[in-house]
Structure formats: C-alpha cells, structure tokens
Amino acid sequence: MQIAPQTFIQSLTGRGTWLVILASSLVLFHLEAVWKLSNGDTEALVTYVLFLGSIGSLLWAKRASLQLESSAVASVVGATLLALVLLKGSSFYNVFAQISPLVSALGLALIASGRHLKQYALEFLLVATLVSTPLFEWLFSQHLQTISTLSAKYAYLILWYTGFSVVSIGSKIILPTGSVDVYIACSGFQSMLQLFKISILFLAMFPTAGWWRKLVLPLAAVATAFLVNGFRVALMAILNASDDPFAFKYWHNGDGSNIFSMIAMLLFAALAYTQIQPELEPEAELATEPEPIEVEVLESQER
Amino acid sequence: MNTAIWQVPFLALTSAVVLWSGIDMVGRPSQAETNYTPYTFAARVPLTGWQDVASEPLRSIPPLLAYDELMVAHRYRYQNEDHPLSVEVRYLVDTEGDVDTYARAFTPERASTAAERRNTAGSYRLYTVGNQAVLSACVNPRGGSTVSAEQFRTNRKAHDLQPTRLVPWLLNREYLFDNRCLWTQMTVPLTNTTVETAFRSLENSWIAWYPQANRNFPPH
C-alpha cells in the first residue's frame, strides 16, 4: 500500500479507510454487546478491550504487507456473517452470542481479503482465545465440582495454618459460627480461564525465549488464579462466620470481588514481565554497545 | 490496488449498518436474562364433559427453583353433577420441565408415590394427596404433555428446531429452544369414589384439556 499524503476526500474513496471504519464499528458493537450480555461485568469488558486492542495494534503494524483484495462472493459471504452477528450477537446470552466476535472476525477478513485468510492466523487465534469460554466450560463441565472441592480444601489449609478452628467436608468449609459451600461459580474456574486467556495474549504479543516458557506461562497463569481465589474463598468463610452480610456481599459479588481478580492479574503481569525476551537490536548496533540500560529503555517503550 | 467500483459503497453501507446496530443497542435493556411477554389467563376455558363454575388468579409464592421463573398462575373450577374438578395452571419459563421438582417447590403436602402414564395427550403423573386425586403434567409449547426433564428435552429437540421458527429466531422474537411449560394440576376429591375411578376421570379430562391448552399456549 502506498503511504502518500492524502486529503480527507481522497482517503474517503480508499478501501483501506473504510475497512478501518468497518473494523472499528464492529469492535464498538462487540464491546457494547458484551457489556449488555454480561450485565455490566467489568472483567469481561476489560478482557475484550485488551484482546481487541491488541489485535488492532497487530493489524495496524502489518497493514502495509496485508493482502487486501477481495471478491464479490467473499464480500457477500462476509456481509452475511456480519448480518448474522448483528441479529443474534447482542440478543440473550447464548453460545452464539458468546462466539460472535469470532464470526465477526471471519466476516471482516472475508470482506477485506477474500481467500487470503492465512495472513490473519494469529489474529484469529486471539479472537478464538477470547471467546473460548463456552468451549472450556464444556470441556470441564464434569470436573467443575472437583475444582470447587480443591478450592475448598486449599482455603481450608490457609485457614487452618492461620490458626482458625476449621473443618472441611467436600466443598464445604465449616467454622464454629458459620459455614460456606464453595459453589461451582466460586471455584475460581472463571478467573483461571481469564488469566489463561491473558497468558495466551501475552505470548502472542511479546517475544519469549524457549518453547517451555510458552508452555509454563499459561500453566502459571492458571495456578496464580487458583492460589489467589483460595484466599478469596478463605475470606468468604471468615466473613460468613463473622455474620457481616454487607461485607460478605461486597467481597462476594460487589466491587470487592474484582479486587481479587485484579490481584491475580497483577501477580501474573509481574511474572510475565520478567519473562519478556529483551529485544535484540540488529547485530551492527549490538556489536558496538550492548548496554543493559539501553535494553531496559527499549522494554519500557514497548509497554 | 485495483478497487472495483462497488467496493467502497459496499463497505460504507456495511459500516453504517454495523454502527446503527450499535447505536440501536444503547437504549435496549440488559440482555443477560431472557425476556418473555407477560400473560394473562383467559377467565373461562370450556372443558368437554364439565361445566365451568369459576376461575381466579392464583397468588403463588415464587418457588426457589434454580432457574425457573413463574410468570403467572390461575385456577379453574368445574362441576359435573356433584363432582368438582379443579385445574391449577402455572406458567413457568426458563424451565427444565420436571414436574416432581415443581410439586416439591409449590405443594408442601406429601404425595403418594406417583405413577407415570401416557395417553393420546402425552405423559402425566397420577397420585393422591390426602383426600384428593391429582393429575400433574407440563403442557408443552409444541408436542405432547411431559412430566420429566428428559421428556421435555426430547420434545424441545423434536419440535422446536423447525424452519418456520427460523425467522422469529433470527429476529430475536423467539428463543431457539422454547423452555416454557404450563404446569397443570387437575384435582378431584376422593369422596364417594375409588382412586381408580378418580384417576380415570382425570385422564379423560386431560385428553379434553390438552389440545386447547397446547393450541392457546402463551405467545413468547
């Protein structure tokens, strides 16, 4: 694509400009849809912003090398997919509404590039990761109770080691003045999935050295979420036993519950940050002055 | 880049439609939960073999079921010579269709072990509570009556995925699976009659009741 100074009118007649407008409109549509569908869930919205923003920056970075030639057939198929998304993507929380960003991405890619879809492989992977919740819920549907029980046992350990007189039966945690049952919704599965997605996004966006990092980081993300959720469950047990319904509500599904997912995310971000491979400059520059301070600066610029 | 002449207008139009959809969504309520049209039961429902006496809305305490939501409930009273018949209908949405769960949630009395039977109207449960014989079943939006969650699911799969429902589904007027049930309990007293006679009378009433209930199922 020629990047030449253009007037506003000239840019309006270019296909590239309109593709950017269409993509932005779709992003806005999906952000709004996920906000409505999740009943104002900040965590879901933040994940969408992170993923769609990253995908936007990936595409913008390689805009000059993208094959942007489409056929009439591909455009019509793409537009049909988008129409389906507009009709069904914002209605009642169902599987189609959940995976609609992936359908949108396919529609947009068909309109933009016809059959040259391979160039968007990484972007498709990221959208698929973003909307993978129903897939993982299905895969783990038989094991959610196990995760609940594990969370309860782990929270029991935290309480026991901090000196509480506590008993654990299955997914129940029993304190002298009250007990909690760790339901599947509180098992930490959602936050484990959330951090898993973020870890995939991290691997896609930042260079990491060695295949084992690409394997270990997602696992570390899941473990971080599980460990942090255990403290949340322990706190729930204490609050429930101390008979303070307002505090319980605040930490259970009020703003307090977001603090724990924020802690988990910050912990993982700290871990991930240490794993970014320092970006090496071209050899000529490297040969002259390989100063560590220089690398530091580059890293912070990247973020 | 050789751009065909239709491409820019096509992209502009598509963008405009997407943007308009987004703007249109702003004013709409949260879509996290299902929405159904409120419904009022007809005051009079003729029932073959019975004379209708009275009907009144039922003030049921909403049950503590997992997902089911009670929209509205109504009781019809019929008379045949000196035999009374009471028909209680509860309109439940987002339901799994298990009538045993409903019975546990709505009726505190303990019932005798329920027998499941089938006739031309579909499946139903027959049991006695105290001095009364009861027939209990779900009137389905499509298909015959059901009593268990499994039967309800089978009906949904067999009757809900129809080409005629494609357009209403696309326009978000109907849900793909129509998880609604008119939970109906027909009750006759066991005075001056045997349990078997009472059950037979209930079964015949169910055959008379079902077609109209199914036909007049509440709109979405």
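Hydrogens, waters and symmetry mates play no part in the numbers below; they use all other heavy atoms, side chains included.
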Does the side chain of [Y] come within less than 4.5 Å of [X]'s, by heavy atoms?
X: B/F10; Y: A/I111; result: yes
X: A/K88; Y: B/W169; result: yes
X: B/L11; Y: A/I21; result: no

Donor-acceptor under 3.5 Å (B/Q7 side chain, A/R15 main chain): no
Residue selection (most heavy-atom pairs with chain A, distance under 4.5 Å) from B/V26, B/L171, B/V17: B/V26
Best-contacting candidate, A/A23, A/A79, A/S75, against chain B by heavy atom pairs under 4.5 angstrom: A/S75
Selection from A/L26, A/L28, A/D41, A/L82 maximising heavy-atom pairs under 4.5 Å formed with chain B: A/L26
Which region of [X], side chain (C-beta onward) or backbone (N, CA, C, O), has a non-hydrogen atom less than 4.5 Å from a non-hydrogen atom of chain B, or is it both or neither?
X: A/A83; answer: neither
X: A/L31; answer: neither
X: A/S71; answer: backbone
X: A/A33; answer: both

Does [X] have more than 12 heavy atoms from other residues, nucleotides or ligands lying within 6.0 Å of its [atom1]?
X: A/Y183; atom1: OH; result: no
X: A/K62; atom1: NZ; result: yes
X: B/E150; atom1: CD; result: no
X: B/R173; atom1: CZ; result: no
X: B/Q162; atom1: CD; result: yes

Spacing of A/W18 atom CH2 and B/T14 atom OG1 [to the nearest 0.5 Å]: 10.0 Å
Spacing of CD1 belonging to B/I23 relative to CZ belonging to A/F29, to within rounding of 0.5 Å: 12.0 Å
If every non-hydrogen atom of [X] is compared with every non-hydrogen atom of [Y], which pair is closest and at what distance?
X: A/K36; Y: B/M25; answer: NZ-O, 3.2 Å
X: A/L87; Y: B/L170; answer: CB-O, 3.6 Å
X: B/S15; Y: A/S25; answer: O-OG, 4.0 Å

